[in-house]
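Computation of the quantities below employed the complete heavy-atom set of this structure, encompassing side-chain atoms and omitting hydrogens, waters and symmetry-equivalent molecules.
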Amino acid sequence: MTWPVKWCIIGNGGERPAGKGVCSMLIDYHLHTCYSADSDAPIKAQLDAAVSAGLTHICFTDHVDYDGSTLPPADLAARNNEIELLAPLYPSLDISVGMEMGMKGAEADRLAHLHTEGVHMDFIIGSVHIVNGVDAYYPEFFECRAKEQAFGIYLEQLARSVKESRFSVMGHYDFCAKYSPYSDRSMVFSLFPGMFDDIFRSLIQTGRAMEINTSAWRHDPAWGIDILTRYRELGGEYVTIGSDAHKPLKVGCRVKEATELAKAAGIRYIATFKNMVPTMHRI
């Protein structure tokens, strides 16, 4: 999937002069609602939480998974209708709609896009959750596996999936770290340099990007500066940022920190999307 050559670029978040540090926009482009089978958060509660968190741009990305997950896909048409009714009540928020698609080969991709045919979409996250029939969220995935083996198997699936699926950005490269049982849960570039390079080249060559997903950090120090720096070295110019919030308490969680991390790695832009086309906000 290749995006238009001409991006819309807004300098410094469109809100402050150059040279004043990280842009003042706060973007959370990975939010779930009760339309996702693993969330019970009403849309209005998520919108209220976004305002309370000081967010300026958000995107609802409910699950559409044909990857072997037992979760039924979200009714995105119904969700979009509800958002359209509520949006005028939140003039401070730029609201986009999309989906998080579980990636597992060409057939899963076909079914996900068939499910959303005719439904308005601004943005698609392509994510890997299921690896060899097991969800990398659960303890079973890690049984009898050292960290390097478990994380490596996950990244191998991710490397295959980015070549087979149609999406805007690659979601949470470190999903397997989220509830892993290791004393050091961090994903680091040095363990898997070849796989990361393969993933990044696949994204960059097709005009796509990666997400900085804050949920895997939980209460640990943020990781990923080494990974983002390499992504930039290979030519990656933009990212999206998402909290992956399934409940109001997590909306906007650590997104400012993620923005600062992107800037420190040399990333030039954070993207927002309308009608599947990115707008680049300079940081």
Side-chain angles (χ1 to χ4, degrees), residues 1-5 29-39 59-83 96-138 141 153-176 195-196 198-211 213 238-240 242 244 246 271-278:
M1 179 182 290
T2 303
W3 298 114
V5 174
Y29 251 55
H30 193 148
L31 296 175
H32 294 277
T33 74
C34 56
Y35 286 89
S36 287
D38 60 351
S39 172
C59 188
F60 289 105
T61 54
D62 288 296
H63 286 289
V64 176
D65 297 331
Y66 288 91
D67 56 359
S69 166
T70 59
L71 300 178
D75 184 344
L76 297 183
R79 183 207 60 186
N80 287 1
N81 288 338
E82 185 174 347
I83 290 170
S96 291
V97 293
M99 69 172 171
E100 181 180 15
M101 176 185 69
M103 297 192 294
K104 190 188 176 186
E107 181 63 6
D109 178 83
R110 185 187 72 82
L111 291 171
H113 285 274
L114 182 63
H115 177 79
T116 57
E117 190 173 0
V119 179
H120 176 74
M121 301 288 286
D122 292 313
F123 177 66
I124 299 171
I125 300 172
S127 296
V128 167
H129 302 105
I130 309 295
V131 181
N132 298 329
V134 181
D135 195 324
Y137 184 92
Y138 291 114
F141 180 75
I153 291 169
Y154 180 84
L155 286 176
E156 286 172 358
Q157 179 66 57
L158 193 59
R160 290 192 296 270
S161 295
V162 297
K163 298 178 177 68
E164 300 169 332
S165 304
R166 295 164 290 168
F167 56 86
S168 311
V169 303
M170 177 189 74
H172 48 50
Y173 66 87
D174 52 359
F175 175 75
C176 59
M195 278 192 282
F196 273 118
D198 184 31
I199 291 166
F200 293 157
R201 289 190 174 106
S202 294
L203 294 174
I204 293 162
Q205 289 168 6
T206 54
R208 298 175 294 176
M210 64 181 290
E211 172 194 58
N213 187 302
Y238 72 98
V239 296
T240 62
D244 208 345
H246 287 66
T272 58
F273 283 74
K274 295 292 184 186
N275 298 310
M276 303 299 290
V277 177

Check: Can you list the residues that meet the salt bridge (Lys or Arg N to Asp or Glu O under 4.0 Å) rule with Asp109, with sequence neighbours excluded?
Finding: Arg166
Next item on the list: Would you list the pairs meeting salt bridge (charged side-chain N to carboxylate O under 4.0 Å, His left out) in which at least one residue belongs to residues 61-71, sequence neighbours left out?
Entry: Asp62-Arg79
Next item on the list: Heavy atoms only: give me the nearest Tyr238-Ser168 pair and the separation to one decimal.
Entry: OH-O, 4.4 Å
Next item on the list: Only counting residues at least two apart or in another chain, list the ones meeting side-chain contact (heavy atoms from CB on, under 4.5 Å) with Asp38.
Entry: Ser36, His63, Leu71, His246
Margin query: I'd like to check the side-chain hydrogen bond (donor to acceptor under 3.5 Å, both in side chains) partners of Asp198; sequence neighbours left out, ordered by chain and number.
Written below: Lys163
Notebook entry, point to check: Would you say the side chains of His30 and Asp244 form a donor-acceptor pair under 3.5 Å?
Noted result: yes
Next item on the list: Might you point out which heavy atoms bring Ile130 and Gly68 nearest each other, and give the distance in Å?
Entry: CG1-C, 4.4 Å
Check: How would you list, by chain and number, every residue that makes a side-chain hydrogen bond (donor to acceptor under 3.5 Å, both in side chains) with Ser96, sequence neighbours excluded?
Finding: Tyr29, Lys274
Next item on the list: Kindly indicate whether the side chain of Arg208, heavy atoms from C-beta on, has any atom under 4.5 Å from the side chain of Val169.
Entry: no
Check: Do the side chains of Ile124 and Glu100 get nearer than 4.5 Å, heavy atoms only?
Finding: no
Checklist line | Set of salt bridge (Lys or Arg N to Asp or Glu O under 4.0 Å) partners for Glu107, sequence neighbours left out | finding: Arg110
Next item on the list: Sequence neighbours left out, what passes ring-ring contact (aromatic ring centres under 6.0 Å, His included) with Tyr154? Give chain and number order.
Entry: none
Next item on the list: Of all the heavy-atom pairs spanning Gly171 and Ser127, show the shortest one and how long it is.
Entry: CA-OG, 3.7 Å
Item checked: Non-hydrogen side-chain atoms of Leu76 and Phe60 separated by less than 4.5 Å -> no
Notebook entry, point to check: Without hydrogens or angle criteria, can the side chains of Glu211 and His172 be said to hold a donor-acceptor pair below 3.5 Å?
Noted result: no
Note to self: Taking the side chain as everything from C-beta on, heavy atoms only, tell me whether Asn213 gets closer than 4.5 Å to Tyr173.
What the structure shows: no
Notebook entry, point to check: What heavy-atom pair brings Ser39 and Thr33 nearest, and what distance separates the two atoms?
Noted result: CB-O, 3.2 Å
Checklist line | Any residue meeting side-chain contact (heavy atoms from CB on, under 4.5 Å) with Ala106, in chain and number order, not counting sequence neighbours | finding: none
Check: Quick one: are Val134 and Val131 in side-chain contact, heavy atoms under 4.5 Å?
Finding: no
Next item on the list: Show your working on side-chain contact (heavy atoms from CB on, under 4.5 Å) between Met103 and Phe167 and close with a plain yes or no.
Entry: CA-CA 10 Å; Met103 297 192 294; Phe167 56 86; 3.6 Å; yes
Margin query: Taking side-chain contact (heavy atoms from CB on, under 4.5 Å) as the definition, give me every residue that meets it alongside His115, ordered by chain and number, with sequence neighbours left out.
Written below: Val64, Tyr66, Pro73
Item checked: Check: Ser165 side chain, Val162 main-chain N or O, donor-acceptor pair, under 3.5 Å -> no
Item checked: Nearest-0.5 Å distance that lies between atom CD1 in Ile199 and atom CG in Leu158 -> 4.0 Å
Margin query: What's the separation between atom NE2 in His32 and atom OG1 in Thr61, rounded to the nearest 0.5 Å?
Written below: 4.5 Å
Next item on the list: State whether the side chain of Asn80 and the backbone N or O of Val119 hold a donor-acceptor pair below 3.5 Å, judged by distance alone.
Entry: no
Margin query: If the condition is side-chain hydrogen bond (donor to acceptor under 3.5 Å, both in side chains), which residues does Glu156 pass it with, not counting sequence neighbours?
Written below: none
Note to self: Under 6.0 Å between ring centres: does that hold for Tyr137 and Phe141?
What the structure shows: no
Next item on the list: Return each pair, listed once, that meets salt bridge (charged side-chain N to carboxylate O under 4.0 Å, His left out) where at least one residue sits in residues 117-138; pairs must be two or more places apart or across chains.
Entry: none
Next item on the list: Examine Phe175 together with His129 and report whether their ring centres are nearer than 6.0 Å.
Entry: yes
Item checked: Stepwise side-chain contact (heavy atoms from CB on, under 4.5 Å) check, Lys104 with Val128 -> CA-CA 7 Å; Lys104 190 188 176 186; Val128 167; over 6 Å; no
